[in-house]
Asks: 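Structure incoming, see below.
Numbers here simply count residues along the sequence, with the first being 1. Note that the structure is predicted; figures quoted are calculated from it, not measured.
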Amino acid sequence: MKMKPYHTSLKSIAIVLAMTATSQAASTLHLAFGVDVNPTSSNLNNLRVRDLHDDHYHTFTQNNGLPGSHVPEPFSIIPGVETVTFNLAAMEISPYPNASYSTSLTPAGDFHLVLVSRNGIGSDNVNIGFWHGDHTHSMTAGSEEHLRTDEIHTIQFSFAPDAQQGDYSAVFKIVDENGNYGDSQLFTLNVKAVPEPSSALLICSALGLGLLRRSR
């Protein structure tokens with residue numbers, strides 16, 4: 001059987017890695033929030049945040065899962081180039097609503113998303129935007145945004161161009177400004193600053209040259 005030239009195989013691997021790095025910016029994470037109204041629940045009258053998995057929900061604490069698991073994976077973003085978004089909406093207008101969680105309540109709640117902290121080396125380089133129609137509001141630690149119960153909200157992550165590669169996170173909670181319902185649990189969005197595809201190609205090229213030299 002005729003073997004493909006070694007350098008051709010390395011080139012193919014590099015192209016696949018570059019395509020993978022580009023596609024990682026896409027996100028399908030949907031979070032639903034609501035007050036736990038299940039009378040037998042230990043979280044009765046407290047806000048809860050859950051992530052959509054196929055046609056059902058899981059309690060959401062953070063996206064630190066591995067590929068193929070029920071826990072969402074961290075976001076991967078090229079600094080200064082890409083952004084990634086996730087959706088946040090009231091359970092009633094989310095896909096496959098769960099009647100155990102509600103925002104249509106008496107007395108009414110005034111729900112807000114609070115950014116508790118940004119974490120990581122140079123965490124100020126993590127840019128978080130809350131979409132309002134055709135523009136975004138920048139969120140910093142301690143800031144909060146009103147959550148409409150009839151709208152699917154979009155939250156955007158990006159990095160400053162000079163952000164260091166590595167792991168970052170943002171910690172949130174949802175509160176009721178009217179004070180009728182308890183705060184949600186803290187939940188964390190994990191993001192990774194990753195190199196551009198061109199950098200991945202250079203790394204693969206360097207590895208390929210090293211292997212070729214060894215084979216000689």
Asks: May I ask you to say whether D36 pairs ionically with R48, meaning some side-chain N is under 4.0 Å from a carboxylate O?
Replies: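 No, D36 and R48 are not salt-bridged.
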Asks: Going by atom types alone, do E145 and H132 pair a side-chain donor with an acceptor below 3.5 Å?
Replies: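 Yes, H132 and E145 have a side-chain donor paired with an acceptor closer than 3.5 Å.
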Asks: Does any part of the side chain of Y181, heavy atoms only, come nearer than 4.5 Å to the side chain of L105, both counted from C-beta?
Replies: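 A side-chain contact under 4.5 Å exists here.
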Asks: Between the side chain of N63 and the main-chain N/O of E73, is any donor-acceptor distance below 3.5 Å?
Replies: yes
Asks: Between E82 and S158, is the side-chain hydrogen bond (donor to acceptor under 3.5 Å, both in side chains) condition met? List the steps.
Replies: CA-CA 6 Å; E82 295 178 321; S158 64; over 6 Å; no
Asks: Kindly state whether the ring of F86 and the ring of H30 have centres lying under 6.0 angstrom apart.
Replies: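 That pair fails the under 6.0 Å test.
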Asks: Under a 3.5 Å threshold, yes or no: a donor from one side chain and an acceptor from the other, between E92 and T149?
Replies: no
Asks: Would you say F172 ends up clustered with L52 if hydrophobic residues are merged whenever their side chains have heavy atoms under 4.5 Å apart, either directly or through other cluster members?
Replies: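 No.
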Asks: Drop me the distance from I78's CD1 to K192's NZ, to the nearest 0.5 angstrom.
Replies: 15.0 Å
Asks: Checking N178 side chain against N180 main chain: does a donor-acceptor pair fall under 3.5 Å?
Replies: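 Side chain of N178 to backbone of N180: no pair is present.
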Asks: Between H137 (side chain) and G129 (backbone), is there a donor-acceptor pair under 3.5 Å?
Replies: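 It does not hold such a pair.
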Asks: Taking atom CG of L113 and atom CG of L115, what is their separation to the nearest 0.5 Å?
Replies: 7.5 Å
Asks: Hey, are T61 and Q185 close enough side-chain-wise for a donor-acceptor pair under 3.5 Å?
Replies: no
Asks: If you round to the nearest 0.5 Å, how far is NZ of K173 from OG of S117?
Replies: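 Going from OG on S117 over to NZ on K173, the span is 11.0 Å.
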Asks: State, without any angle test, whether R50 and Y101 hold a side-chain donor-acceptor pair at a distance under 3.5 Å.
Replies: yes
Asks: Step through the shown structure and confirm whether more than 12 heavy atoms of other residues, nucleotides or ligands are within 6.0 Å of CD1 on I121.
Replies: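 Check fails, neighbour count at 12 or below.
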Asks: Test your reading of the model: is there a side-chain donor-acceptor pair from S69 to the backbone of G65, 3.5 Å cut-off?
Replies: no
Asks: From D150 CG over to T103 OG1, what is the distance, rounded to the nearest 0.5 angstrom?
Replies: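 If I round to the nearest 0.5 Å, the distance is 9.0 Å.
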Asks: Given 3.5 Å as the limit, does a donor-acceptor pair link the side chain of S143 with the main chain of T140, or not?
Replies: yes
Asks: Are Q165 and V194 packed together at the side-chain level, in the sense that at least one heavy-atom pair is separated by less than 4.5 angstrom?
Replies: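 They are not in side-chain contact.
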Asks: Taking atom types as modelled and ignoring hydrogens, do the side chains of N190 and Q62 form a donor-acceptor contact shorter than 3.5 angstrom?
Replies: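 Yes.
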Asks: Compare all side-chain heavy atoms of I128 with those of I155 and state whether any distance is below 4.5 angstrom.
Replies: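 Yes, their side chains come closer than 4.5 Å.
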Asks: Between V175 and F111, is any pair of side-chain heavy atoms under 4.5 Å apart?
Replies: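 Not touching, per the 4.5 Å side-chain cut-off.
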Asks: Using 30° and 60° as the class boundaries, would you call the ring planes of F187 and F60 parallel, tilted or perpendicular?
Replies: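 Geometry flag for F60 against F187: perpendicular rings.
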Asks: Which residues satisfy the side chain to side chain contact (heavy atoms under 4.5 Å, CB included) test with H58, sequence neighbours excluded?
Replies: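 With neighbours one apart ignored, the set is D51, H53, H56, H70.
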